[in-house]
Amino acid sequence: MCSVSGPGQRRLIIILGASGRLGTALLPHLLNLDVDIVGICRKQPTGPCTRARWLLADVADHQRANRAATELARLSTGYPQTVLIDLCLDRSSVTAMRDSIKSAAHFTDLLAARAVNRRQSLLIVTASSTSVLAPWALQTPYGVAKRRQLQHYAASGVNGSALLLPKLRTDGSDACLGLPTWTYELASRQITARLQSDADSDAFVVYVPTVLTTPMPRRRRKLFLTMRDVVRWWGKRVGQPNSPLAHRNASRALLDLLPHHVRRHVDHHLAPPGLVQRLATRHNISVRRMTSPP
């Protein structure tokens, strides 16, 4: 196991869910910074050893989460600031997804409590998606769980930021027709930019993309929804209630039925101003638009 180099003027960065696709894309960017890195994952990564140290822990197990938080508090001694990057997400089922999001928030609370006791600075950076913005009929269990997590962070007094990212793709080959997408590389650059610009943050801020536009699929749209449309939409949601993909597909199917002049105001993929303002005012959360990373 690789070890961190030691405190000083360097920051300690802890990545929760470091072995996932976004964590794997982010790690090379962090290695270019003057920081020490601890990656938390459930299984030992198979890649080459780097400056990052790997801590095996399942934060869904509260006993293991407590032990990991205690070990991280010990490792953070002497660092001017500790940064927790939350990329934790289990997509295997709706139940597992909700548990992983809730467990990540609980683990963050454990680290925050230890940081307060040790009088240390803790910064939170969490990645989410624009589905947090979706109105009720278009919402998914993931969006609801992530919105609650953001509300929790904003109310708990932790400092840091949450990034509501568009749909992520590995390259141009799997771009989703009619939906804005980012690459994992671009998302990693945005997270890195937040680490550099928000180091002295004294609040919790949600960042959303600039208003996104994309060519809509050319298909005939309905002027109004029929009862048959509603029944089909509801059937897709209840047919596989524990499948995140089923809920996401049902939301997109309903979007595809909406006229363009309606969709551009309610489609969370586009991050329209109305939905952004609704998140800020209804949930009392500070929201800002992202700027392009260097």
Side-chain angles (χ1 to χ4, degrees), residues 86-87 89 98 101-102 104-105 108 123-168 176 178-182 186-187 189-191 193-195 197-198 200-216 221 223-225 233 237 247-248 250-293:
D86 173 17
L87 308 178
L89 184 63
R98 286 172 174 157
I101 294 173
K102 186 176 180 180
T108 301
L123 187 73
I124 306 299
V125 178
T126 180
S128 182
S129 83
T130 55
S131 61
V132 168
L133 301 171
W136 175 79
L138 300 168
Q139 191 55 273
T140 62
Y142 169 79
V144 172
K146 271 297 187 178
R147 180 184 293 176
R148 289 172 178 168
Q149 186 189 58
L150 298 188
Q151 290 177 267
H152 174 77
Y153 286 152
S156 66
V158 298
N159 300 328
S161 57
L163 282 73
L164 305 191
L165 305 172
K167 175 179 170 58
L168 299 183
C176 187
L179 298 177
T181 58
W182 279 10
L186 178 55
R189 286 163 50 199
Q190 280 286 1
I191 294 173
R194 293 274 65 82
L195 293 177
S197 63
D198 294 352
D200 299 323
S201 173
D202 59 357
F204 186 80
V205 179
V206 176
Y207 289 91
V208 299
T210 56
V211 180
L212 300 171
T213 57
T214 185
M216 293 289 184
R221 304 296 175 118
L223 296 179
F224 56 88
L225 299 181
W233 164 75
R237 304 200 78 155
H247 286 276
R248 187 177 66 183
S251 177
R252 290 181 181 175
L254 183 57
L255 278 173
D256 285 342
L257 294 173
L258 299 178
H260 288 171
H261 70 277
V262 174
R263 179 170 179 171
R264 69 170 179 261
H265 294 294
V266 299
D267 188 347
H268 67 83
H269 301 95
L270 308 179
L275 293 185
V276 173
Q277 184 62 33
R278 177 176 175 269
L279 175 70
T281 56
R282 178 171 294 187
H283 302 287
N284 194 28
I285 296 176
S286 178
V287 182
R288 300 175 189 170
R289 293 284 183 177
M290 296 184 204
T291 56
S292 299

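Side chains are part of it too, since the values below use all heavy atoms of this structure and drop only hydrogens, waters and symmetry mates.
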Examine distances only and state if a side-chain atom of Arg289 and a backbone atom of Val208 form a donor-acceptor pair shorter than 3.5 Å. no
Is any side-chain heavy atom of Trp182 closer than 4.5 Å to a side-chain heavy atom of Gln190? yes
Between His268 and Thr130, do the side chains contain an N or O donor and an N or O acceptor separated by less than 3.5 Å? yes
What pair of heavy atoms forms the shortest contact from Met290 to Pro209, and how long is it? CE-N, 4.1 Å
Nearest 0.5 angstrom please: Ser128 OG to Leu165 CG, how far? 7.5 Å
Arg278, CZ atom: more than 12 neighbouring heavy atoms under 6.0 Å: yes
Leu254 versus Ala137, closest heavy-atom pair with distance: CD2-O, 3.9 Å
Side chain to side chain, Asp256 and Arg263, heavy atoms closer than 4.5 Å: yes
Leu164 side chain near Leu150 side chain, heavy-atom distance below 4.5 Å: yes
Heavy-atom pair with the smallest gap, counting every atom of Ser251 and Leu138: OG-O, 2.7 Å
So which atom in Ala127 and which in Ile191 form the shortest heavy-atom distance, rounded to 0.1 Å? CB-CD1, 4.5 Å
Would you say the side-chain atoms of Arg147 pair up with the backbone N or O of Ala134, donor to acceptor, closer than 3.5 Å? yes
Report yes if the side chains of Arg248 and Arg252 come closer than 4.5 Å at any heavy-atom pair, otherwise no. yes
With heavy-atom distances below 4.5 Å as the criterion, would you say the side chains of Asp86 and Gln149 are in contact? yes
Starting at NE2 of His152, measure out to NZ of Lys102 and round the result to the nearest 0.5 Å. 10.5 Å
Evaluate the side-chain proximity of Val132 to Val206: yes if any heavy-atom separation is below 4.5 Å, no if none is. no
Min side-chain heavy-atom separation Val125-Asp198 under 4.5 Å: no
How far apart are the closest heavy atoms of Asp267 and Leu275, and which atoms are they? C-CD1, 4.2 Å
Does a donor on one side chain and an acceptor on the other come within less than 3.5 Å for Tyr153 and Thr126? no
What's the shortest heavy-atom distance between Ala162 and Phe204, and which atoms? CB-CZ, 3.8 Å
Inter-residue atom distance Leu133.CG - Lys146.NZ, 0.5 Å rounding: 13.5 Å
Pair Ser197, Arg194: side-chain N/O donor-acceptor within cut-off below 3.5 Å: yes
